[in-house]
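The structure under discussion appears below in the form of structure tokens.
Counting from 1, the numbers follow the sequence of the chain as shown. Both counts, for ligands and for their atoms, begin at 1 and track the order of listing.
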Amino acid sequence: MAIRYQADSNTFILETKDCSYLMKVSRYGNLLHLYYGKRIPDSDVDYLLQLQDRGFSPNPNEAGNDRTFSLDFLQQEFSTDGKGDYRSPSIEVINGDGSAIFSGKVVDYQIDKGKYRIEGMPSLWAADSDRADTLKIRLEDRESRASVTLFYGVFEEKNIITRSVRFENGGNQLLNLNRLMSATVDYRDSEYDLIYFPGRHMMEREFERTPIRSGLHSIGSSRGTSSHQYNPFAIVCERDAGEDHGGCWGYSLVYSGNFLFEAEKDQFGQLRINMGINPKHFSFEMKPGETFWAPEAVLAYSDQGFSGLTHLYHDIYRENLCRSPYGKRPRPVLINSWEAAYFDFDEEKILEIARASVDMGVDLFVLDDGWFGKRDDDNAGLGDWTVNRKKLKDGIEGLSEKIHEMGLQFGIWIEPEMVSEDSELYRAHPEWCLRAPGRPMTRGRNQLVLDLSREDVCGYLIDVLDALLSNARIEYLKWDMNRSISDVWSGLLPRERQGEAMHRYVLGLYRILEEITEKHPQVLFCGCSGGGGRYDPAMLYYQPEIWCSDNTDAVNRLKIQYGTSFAYPVNTMEAHVSVCPNHQTGRSVSLKTRGVVAMDGVLGYELDSRKLSEEEKAFCRRQVEFYKKHYRLIAEGDYYRLSNPYENPRYTAWQHVSKDRRESLVSLVLTDKEGNAGQLYVKLKGLDPDAWYEVEGKEGRYSGALFMNAGIPVPASLGEYESIQFVLRTVQEKK
Ligand code: GLA
């Protein structure tokens with residue numbers, strides 16, 4: 001068992017292959033955090049809790065005259081609130097008498113084989129081959145009888161610990177739950193850096209590293225989605241940690257709505273991490289007996305730097321998150337109509353584009369926005385999911401059949417959560433929108449948001465999606481969501497429950513996705529929110545890939561995909577080759593470089609194939625063949641970032657290495673070129689130092705040790721924005 005309770009020291013011990021997580025029940029019943037990091041053999045480490053009498057640090061009543069016991073500085077596993085701990089708390093609850101106090105003490109615990117699941121929300125699952133166990137510890141507030149059950153899922157071989165919390169009102173009075181973090185982790189010191197991934201529409205998940213300083217550093221979203229602006233993933237690392245060395249802890253939240261991540265350095269130089277649903281505008285009314293689940297946080301520790309941490313997240317998210325059979329299947333190479341036609345098309349034009357794409361070697365054609373209702377631009381039609389026969393005379397069924405006759409599969413775009421004011425749906429059901437009564441509404445892309453906290457709206461959308469997927473041959477569905485949510489108010493919730501609307505919206509979204517993906521397992525679902533505005537593990541649970549960004553510029557994509565790669569596997573990032581000059585930036589780069597960058601993800605195309613020359617089509621065909629040949633290596637191998645585009649202006653390079661280290665693909669894009677520049681060498685990673693490798697298409701054989709320590713020269717002839725790929729393979733004999 002990876003989980004033990006040691007009664008003589010009152011210690012809970014969680015162990016994975018390489019890390020240990022220890023906590024202890026204090027003599028007064030508080031659950032204290034002792035250690036999370038590299039695996040240690042010790043099980044009794046409570047000497048780490050150094051008690052002292054400190055001024056202005058109150059002592060709980062049960063400590064009597066012991067002035068050295070104070071929750072103001074002790075490391076807690078799930079903090080109390082209103083009892084002398086002034087750091088940002090794990091919970092905020094308003095009791096029946098109006099007091100804002102929660103003082104959870106351990107009342108019982110249970111250790112189970114297997115991994116717990118969360119009702120109504122995505123969470124990691126254990127396969128038969130996984131050694132996974134669950135620990136539940138219940139902490140009760142004696143006075144209110146409210147309790148929290150802390151859930152820990154331990155994936156022993158995969159070095160992952162998951163956490164979640166279930167709140168229960170076990171008393172007989174009404175309570176208000178105003179905050180419930182999924183994970184709190186207290187560190188004894190704060191000599192660390194924080195890495196997180198801020199961004200914006202068309203420039204998501206940029207890389208930012210900053211020393212942890214006194215006070216509260218918080219990131220999060222209040223836009224109703226996990227957002228373009230901040231991703232629910234962050235890293236705490238040792239000050240000298242880098243790609244290949246140093247301790248780092250990852251925090252990832254399996255949630256698609258408003259989230260919060262906090263790093264607080266307190267008065268004593270200690271650090272508290274909190275991660276969970278954003279408490280802003282959040283309040284749940286809890287009747288006696290009612291329960292509330294916090295979403296799952298996925299924690300990982302690596303002493304092998306960021307690469308080590310990335311490999312842990314990539315492996316667990318590839319293998320234990322996505323439910324779709326496509327999670328592990330090779331993905332079709334698609335061509336999408338959006339940048340080729342936008343709203344301006346009819347059946348003939350779509351068929352021409354599809355026909356011209358056949359020679360490029362793609363497998364699937366995706367019809368993007370504009371096929372339904374009165375949708376000639378983005379001001380109308382959302383909600384009316386019936387085909388526009390003026391544009392598509394034989395409907396979706398007819399179009400899909402014709403595309404299948406060309407030997408291509410067919411996919412379609414939809415934006416189910418939205419409605420345009422100029423739509424039949426809005427005219428019939430204006431009350432189905434999130435919209436505060438008596439207030440002018442806030443539009444985003446001239447559209448409104450349907451209230452997914454309502455069961456009737458969810459039921460309606462399930463029927464719409466089911467009909468669409470049942471009535472035509474559709475192998476791929478792109479699910480979009482194109483605005484930030486505002487004006488949150490739900491027509492079916494009473495005043496005192498309005499603070500529940502946003503989380504209930506997310507639960508409604510999961511309910512729809514659950515039903516539709518269960519009913520149509522043969523469909524490959526792709527997530528999208530103006531590109532990567534909802535790029536989170538919860539969406540990946542239902543949708544194995546996500547449109548990474550609306551920005552298809554290959555050079556900008558280097559940064560976007562670099563940031564995304566820290567937590568999310570390459571086979572979740574949809575990346576398309578588009579036309580040049582690029583529609584978002586006006587930049588032109590070669591077709592080769594566009595392909596090299598797009599195959600650092602799930603390769604696809606998004607351009608008017610009618611305008612490609614025969615040579616260009618043949619080039620695309622070779623690109624697709626190359627990608628397919630190396631698909632397993634790219635999608636399932638270990639990923640190494642060879643350079644940081646925020647620090648290295650000259651080039652960006654990355655590497656895929658097969659798990660057995662026998663094969664590797666190295667890719668490099670030159671991002672800045674100076675006259676008569678010094679020779680560049682790129683040092684490789686992850687190879688077997690003792691093995692001999694040959695480079696495809698080149699003479700000679702070289703050791704893994706040489707390539708990793710001395711590097712490979714980058715041809716001096718490479719110009720700005722040009723790229724190169726090397727395929728390495730071990731040769732039979734060993735050194
Ligand atoms: C969003 C998506 C794009 C495209 C448009 C259609 O912006 O990210 O890929 O589908 O919507 O309106």
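We find that Lys391 and Glu347 are not joined by a salt bridge, their nearest charged nitrogen and carboxylate oxygen being 4.0 Å or further apart. For Arg435 and Asp451, the salt-bridge test fails: no basic side-chain N is under 4.0 Å from an acidic carboxylate O.
Applying the salt bridge (Lys or Arg N to Asp or Glu O under 4.0 Å) rule to Arg389 yields no partners; only residues at least two apart in sequence or on another chain are considered.
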What's the verdict on ring pair (Phe, Tyr, Trp, His ring centres under 6.0 Å) for Phe197 and Phe566, showing C-alpha distance, side-chain angles and the deciding distance?
CA-CA 9 Å; Phe197 302 90; Phe566 277 79; 5.3 Å; yes
Begin from the C-alpha positions of Tyr568 and Tyr535 and carry the test ring pair (Phe, Tyr, Trp, His ring centres under 6.0 Å) through to its verdict.
CA-CA 9 Å; Tyr568 305 106; Tyr535 208 123; 5.0 Å; yes
Should Leu434 and Leu450 be marked as a side chain to side chain contact (heavy atoms under 4.5 Å, CB included) after you check the CA-CA gap, both sets of side-chain angles, and the distance that decides it?
CA-CA 6 Å; Leu434 284 171; Leu450 290 176; over 6 Å; no
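Protein residues with a heavy atom closer than 4.0 Å to ligand 1 are Trp338, Asp368, Asp369, Trp413, Arg445, Lys478, Asp480, Asn482, Cys528, Gly530, Gly531, Trp547, Asp550, listed by chain and number.
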